[in-house]
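Quick note: numbers below take in every heavy atom, side chains included, and nothing from hydrogens, waters or symmetry partners.
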Amino acid sequence: MATQKCWTLKYVAGNPAMFSRVRTDASGPGRRGEVLEAAEKVAANGWRVWVEHAVSGERIFESEVEKAYLQAHQAAA
């Protein structure tokens, strides 16, 4: 039986211009709804945050700050 706890919350705490260390939620993979709710709370701090599948790496949520960060780094490459 497959588990429903397969979504991981990842974030970069603090000012996105200064910090780059990616952290993972200490509680480990969780259910989609619970992790998305937590991601919204973290995004409200102005931090880079995203939710990805623990196995496939598919992202289902990215904060506006994360989208801007990715766009800036893709343009520079």
Side-chain angles (χ1 to χ4, degrees):
M1 183 174 184
T3 181
Q4 294 180 0
K5 292 185 176 183
C6 58
W7 298 101
T8 305
L9 174 69
K10 295 192 174 187
Y11 61 95
V12 176
N15 183 344
M18 295 176 56
F19 299 102
S20 62
R21 181 177 172 208
V22 176
R23 301 170 189 258
T24 304
D25 186 32
S27 62
R31 293 177 182 240
R32 179 184 176 117
E34 295 167 352
V35 176
L36 286 172
E37 185 178 321
E40 289 286 345
K41 290 179 183 177
V42 174
N45 291 328
W47 294 356
R48 291 176 47 208
V49 60
W50 62 97
V51 175
E52 68 180 40
H53 193 272
V55 177
S56 70
E58 172 193 6
R59 289 186 176 194
I60 59 169
F61 175 86
E62 292 176 341
S63 66
E64 292 302 318
V65 177
E66 175 65 7
K67 289 177 187 176
Y69 176 84
L70 292 174
Q71 188 175 32
H73 279 76
Q74 288 174 352

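Sorted by first and then second residue, the salt bridge (charged side-chain N to carboxylate O under 4.0 Å, His left out) pairs involving residues 63-76 (not counting sequence neighbours) are Arg48-Glu66, Arg59-Glu66, Glu64-Lys67. Sorted by first and then second residue, the salt bridge (charged side-chain N to carboxylate O under 4.0 Å, His left out) pairs involving residues 4-29 (not counting sequence neighbours) are Lys10-Glu52.
Trp7 and Val55 fall into different hydrophobic clusters, defined by Ile, Leu, Val, Met, Phe, Trp and Tyr side-chain heavy atoms under 4.5 Å apart, directly or through other members. When the side chains of ILVMFWY residues are joined at heavy-atom separations under 4.5 Å, either directly or via intervening members, Trp50 and Phe19 end up in a single hydrophobic cluster.
Classified by interplanar angle (parallel below 30°, tilted 30° to 60°, perpendicular above 60°), the ring pair Tyr11/Trp47 is parallel.
From Ser20, atom OG reaches atom OH of Tyr69 across 6.5 Å, with rounding to the nearest 0.5 Å. Going from atom CZ of Arg32 over to atom CD1 of Ile60 covers 4.0 Å, rounded to the nearest 0.5 Å. One distance of note links CD of Gln71 with CD of Gln74; it measures 7.5 Å at 0.5 Å rounding.
For the pair Phe61/Leu9, no side-chain contact is recorded, criterion being any heavy-atom separation below 4.5 Å from C-beta on.
Here the closest non-hydrogen pair linking Ala54 and Pro29 is CB-CG, 4.4 Å. Of all heavy-atom pairs spanning Val49 and Ala43, the tightest one is CG1-CB, 3.7 Å.
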